[in-house]
Amino acid sequence: MTRAVILLAIGLFTVAPASLAGAAGITEGALMFRTAPGQAAVAAPVQSTDVEMRITGLVVRATVRQTFTNPAGEWAEGVYVFPLPETAAVDHLKMHVGDRITEGVIRERRTARAVYEQAKAQGQRASLVEQERPNIFTTSVANIPPGAAIAVEIQYQQTVRYDAGRFHVRFPMVVGPRYAAGAPDAERIMPPVQHPDHGPLNPVTLHIELDPGLPVAGIESPYHPIHVTALAGGLYDITLTDGAAPADRDFELVWEPLAGAAPTAVLLTEAEGTDVYALLMVLPPAPAAREQTRVPREVVFVLDNSGSMAGASIQQAKAALKLALARLGAGDTFNVIRFDHTTDSLFFDAREASRQNLRAAERWVDAIQADGGTVMLPALRQALDGVPAPGRLRQVIFLTDGAVGNEAQLFQEIRARLGESRLFTIGIGSAPNSHFMREAARLGRGTFTHIGSPTEVQAKMTALFRKLETPALSDVRLELPGVPAADVLPTPIPDLYLGEPMVVSLKAGTLPTHAILRGRFGLTPWEHDVALHQAAPEAGLAVHWARAKIDALLDARTAGASADEVRLAVIDVALRHHLVSRHTSLVAVDVTPARPGDAAVNTHATKTNLPHGWEYDAVVGLGQGATDAPLHLLAGLAALLLAAAVGLTRPRPALARWVRRGR
């Protein structure tokens with residue numbers, strides 16, 4: 001009896017690695033092999049990951065090629081899970097197995113899965129690409145021969161981001177463990193993680209050809225050393241200085257135009273059939289001095305101090321928060337909320353930004369440590385459940401790595417509770433969940449800032465302060481004179497903050513010679529006439545519009561539209577534009593059977609890197625951080641208390657040490 005209860009306690013305390021049967025890992029690219037029950041796992045290590053990227057003006061075309069080997073002596077099925085940019089439009093797949101190549105075609109998701117499963121059962125080589133999140137994709141590979149090399153090519157398109165006078169392109173390499181309570185696919189986003197003492201996995205090479213289309217003052221990568229070679233015609237060839245880098249943090253390329261060369265308006269167009277697709281970027285001017293009268297603010301800061309924030313991330317977040325507190329004015333009010341698997345706040349409600357209150361806030365923030373699970377929902381509700389006083393702006397500033405799996409639930413809360421508040425997200429660390437951060441800011445009519453290293457805190461927060469303290473251009477709308485119908489996305493156009501451009505994708509039968517952009521700074525009306533006659537042709541704009549259209553359709557579903565109608569509309573757009581979406585997948589089948597009928601198909605798993613700067617014990621080693629560990633911990637404590645109540649022996653010393661460390 002004693003032994004049984006102690007074993008129960010140990011079982012409740014332990015957070016097991018993600019189930020192999022659930023295609024566990026989601027990280028920088030891992031080939032997960034499924035094995036028969038009880039069979040030892042054999043890793044399929046990544047031989048190389050090669051990224052080829054062509055950047056032309058505002059358009060990015062990328063190919064990600066991952067090469068794997070099946071080291072086992074039996075045939076295998078692999079499940080390959082990887083992150084891509086949250087705005088990526090995935091439209092091509094190639095699978096190389098030996099000297100054979102299979103190419104993917106787009107199908108409705110359930111049909112694609114059925115085709116794949118039939119091919120697998122018949123011994124045919126097959127591959128399937130499915131979307132788990134807008135920035136998370138899964139490739140399944142069937143009937144991989146023993147000892148064979150496999151190369152998986154995914155092609156996608158995205159647009160360049162422009163902010164505060166600089167262009168940015170981001171390529172995610174790693175997604176850390178997530179707190180997935182409330183997510184129906186939780187077991188698919190809980191990766192097994194390589195212990196840092198065992199060395200990094202999965203090296204990545206990058207080769208980028210940059211055609212900026214304007215004179216450039218500088219090119220840099222803030223998180224990786226790069227080698228830049230200037231070529232003829234204003235082109236640049238860019239590679240990693242060390243040739244390859246471990247996939248443990250996001251890569252970002254940043255370039256700045258020469259003074260006076262920054263664009264105020266850019267138009268790209270593409271004709272396809274009877275339609276014209278266009279991408280328009282317009283940079284509104286800064287508001288005039290008369291429009292910048294400072295409005296008192298109520299600022300609510302929300303700090304994520306869960307285990308996934310342990311180490312460098314919590315220090316960056318606390319430094320950023322203290323800078324923001326120091327920036328508050330005498331007429332402002334504020335509060336600070338912190339959360340892990342619990343939530344509490346500095347004050348019961350917003351208080352005056354007096355010297356005494358600010359000192360109390362700094363002391364409170366200094367005492368915060370990172371530990372526990374990422375239970376974000378109660379903190380989000382508390383932050384948004386407030387009504388600004390008349391004449392006061394209410395701004396909610398969320399500092400987190402976004403290590404959650406229940407994004408849809410959180411987005412619904414933002415829609416339901418935002419009111420007159422504005423939500424600004426600050427992504428902390430080497431690999432934040434950019435899909436959550438950017439979408440939460442969009443729904444919150446705010447903006448997203450990423451702080452990837454301690455050296456960026458001052459500059460990134462200063463830029464954010466300028467946005468927070470300057471009136472946004474709101475009620476933005478685009479008019480196309482003489483065009484009876486145009487599908488402009490996004491709709492509505494979000495508020496624009498200082499240094500941010502309006503970027504829209506549109507589809508129409510024809511384009512006028514000019515467009516009119518209207519909005520208001522505070523109470524002051526504003527309009528701008530944009531000439532469109534110098535449009536430049538650019539391939540792939542139809543794909544970009546289709547990706548935005550799918551996002552808009554899914555928004556309509558969450559806003560109350562019929563799920564079946566939305567699904568059919570998404571499938572229609574995705575099939576016509578050959579895109580992977582929530583409801584469509586790419587499937588490829590080599591019709592020639594490869595596996596003998598009497599050969600079994602087995603499966604195995606590989607580990608992945610922890611994001612750079614994360615602490616293994618806080619997230620994985622002790623079952624903390626972005627996991628459901630607090631629930632296991634409470635259950636384990638309950639079991640121990642039960643054991644004590646019936647007079648059983650105390651836990652073994654090793655278990656007691658675990659309890660003290662795990663708290």
Q) Between I337 and S345, what is the shortest heavy-atom contact and its length? A) CG1-CB, 3.9 Å

(Q) If you define the side chain from C-beta out and look only at heavy atoms, does anything of S306 sit under 4.5 Å from H341? (A) no

Q.
Determine whether V216 and F167 satisfy the following criterion, side chain to side chain contact (heavy atoms under 4.5 Å, CB included), listing intermediate values before the conclusion.
A. CA-CA 10 Å; V216 171; F167 295 92; over 6 Å; no

Please set out all donor-acceptor pairs under 3.5 angstrom arising from side-chain atoms of residues 393-403, sequence neighbours excluded.
| from | atom 1 | to | atom 2 | distance (Å) |
| --- | --- | --- | --- | --- |
| R394 | NE | E298 | OE2 | 2.9 |
| R394 | NH1 | A383 | O | 2.8 |
| R394 | NH1 | S421 | OG | 3.0 |
| R394 | NH2 | A383 | O | 2.9 |
| Q395 | OE1 | R297 | NH1 | 2.8 |
| Q395 | NE2 | L468 | O | 3.1 |
| T400 | OG1 | D304 | OD2 | 2.7 |
| T400 | OG1 | G402 | N | 2.9 |
| D401 | OD1 | A403 | N | 3.1 |
| D401 | OD2 | S308 | OG | 2.8 |

Q.
Using every non-hydrogen atom in the two residues, find where Q158 and P85 come nearest and quote the distance to one decimal.
A. OE1-CG, 3.4 Å

Q. Within the side chain of S430, is there an N or O that forms a donor-acceptor pair under 3.5 Å with the backbone of R249?
A. no

Q. Is it true that K549 and D551 make a salt bridge, defined as a side-chain N closer than 4.0 Å to a carboxylate O?
A. no

Q) Under 6.0 Å between the ring centres of H450 and Y223? A) yes

Q | P432 side chain reached by I451 side chain, heavy atoms, under 4.5 Å | A | no

Q: Might you point out which heavy atoms bring R133 and G405 nearest each other, and give the distance in Å?
A: NH2-O, 2.6 Å

Q) Any side-chain heavy atom of F334 within less than 4.5 Å of one from L346? A) yes

Q.
How close do W255 and V169 get, counting heavy atoms only, and between which atoms?
A. CH2-CG2, 3.7 Å

Q: Using a strict 4.0 Å threshold on nitrogen-to-oxygen distance, state whether D366 and K318 make a salt bridge.
A: no

Q) What heavy-atom pair brings A472 and D495 nearest, and what distance separates the two atoms? A) CB-CB, 4.3 Å

Q.
With heavy-atom distances below 4.5 Å as the criterion, would you say the side chains of D163 and T449 are in contact?
A. no

Q. With a 4.5 Å heavy-atom cut-off, do V530 and T264 have their side chains touching?
A. no

**Q.** Working for side chain to side chain contact (heavy atoms under 4.5 Å, CB included), residues L328 and F301
**A.** CA-CA 12 Å; L328 293 172; F301 301 97; 4.2 Å; yes

Q. Can we say E252 and R161 salt-bridge, meaning some charged N sits less than 4.0 Å from an Asp/Glu carboxylate O?
A. no

Q | Pair E439 + R442: basic N to acidic O under 4.0 Å | A | yes

Q) Do W545 and L489 have side-chain heavy atoms sitting under 4.5 Å apart? A) yes

Q: Search all heavy atoms of N357 against all heavy atoms of R351 and return the closest pair with its distance.
A: ND2-CB, 3.7 Å

Q) Out of I414, L443, V302, which one pairs with L423 under the side chain to side chain contact (heavy atoms under 4.5 Å, CB included) rule? A) I414

Q: Answer yes or no: is there an ion pair linking D487 with K507, defined by an N-O contact shorter than 4.0 Å?
A: no

Q.
Would you compute the distance between atom CG of N305 and atom CZ of R338 and round it to the nearest 0.5 angstrom?
A. 4.5 Å

Q) Roughly how far, to the nearest 0.5 Å, is CD of Q412 from CG of N406? A) 12.5 Å

Q. Does the distance from a Lys or Arg side-chain N to an Asp or Glu carboxylate O, for R415 and D555, drop under 4.0 Å?
A. yes

(Q) Would M502 and L473 count as a side chain to side chain contact (heavy atoms under 4.5 Å, CB included) here? Give the steps. (A) CA-CA 10 Å; M502 183 202 75; L473 179 62; over 6 Å; no

Q: Keeping the roles fixed (side chain from R582, backbone from R567), state whether a donor-acceptor pair exists under 3.5 Å.
A: no

Q: Indicate yes or no: at least one non-hydrogen side-chain atom of T462 is less than 4.5 angstrom from one of L464.
A: no

(Q) With a sphere of 6.0 Å drawn around CZ of R381, does it hold more than 12 non-hydrogen atoms of other residues, nucleotides or ligands? (A) yes

Q | Min side-chain heavy-atom separation P172-N135 under 4.5 Å | A | no

Q: Ignoring hydrogens and angles, tell me if any N or O in the side chain of R547 forms a donor-acceptor pair with the backbone of A88 under 3.5 Å.
A: yes

Q: Mind checking the CZ-CE spacing from F339 to M376? Nearest 0.5 Å is all I need.
A: 4.0 Å

(Q) Using side chain to side chain contact (heavy atoms under 4.5 Å, CB included), reason through I516 and D529 one step at a time and then give a plain yes or no. (A) CA-CA 5 Å; I516 301 172; D529 193 287; 4.1 Å; yes

Q) How long is the span from the CD1 atom in I55 to the OG1 atom in T159, to the nearest 0.5 Å? A) 11.5 Å

Q: Please step through side-chain hydrogen bond (donor to acceptor under 3.5 Å, both in side chains) for the pair T447 and E500, ending with a clear verdict.
A: CA-CA 9 Å; T447 190; E500 296 181 344; 2.3 Å; yes

Q.
Would you compute the distance between atom CG of L506 and atom CG of L267 and round it to the nearest 0.5 angstrom?
A. 7.5 Å

Q: Look up atom CD in E352 and atom CZ in F347, then write down how far apart they are to the nearest 0.5 Å.
A: 10.5 Å

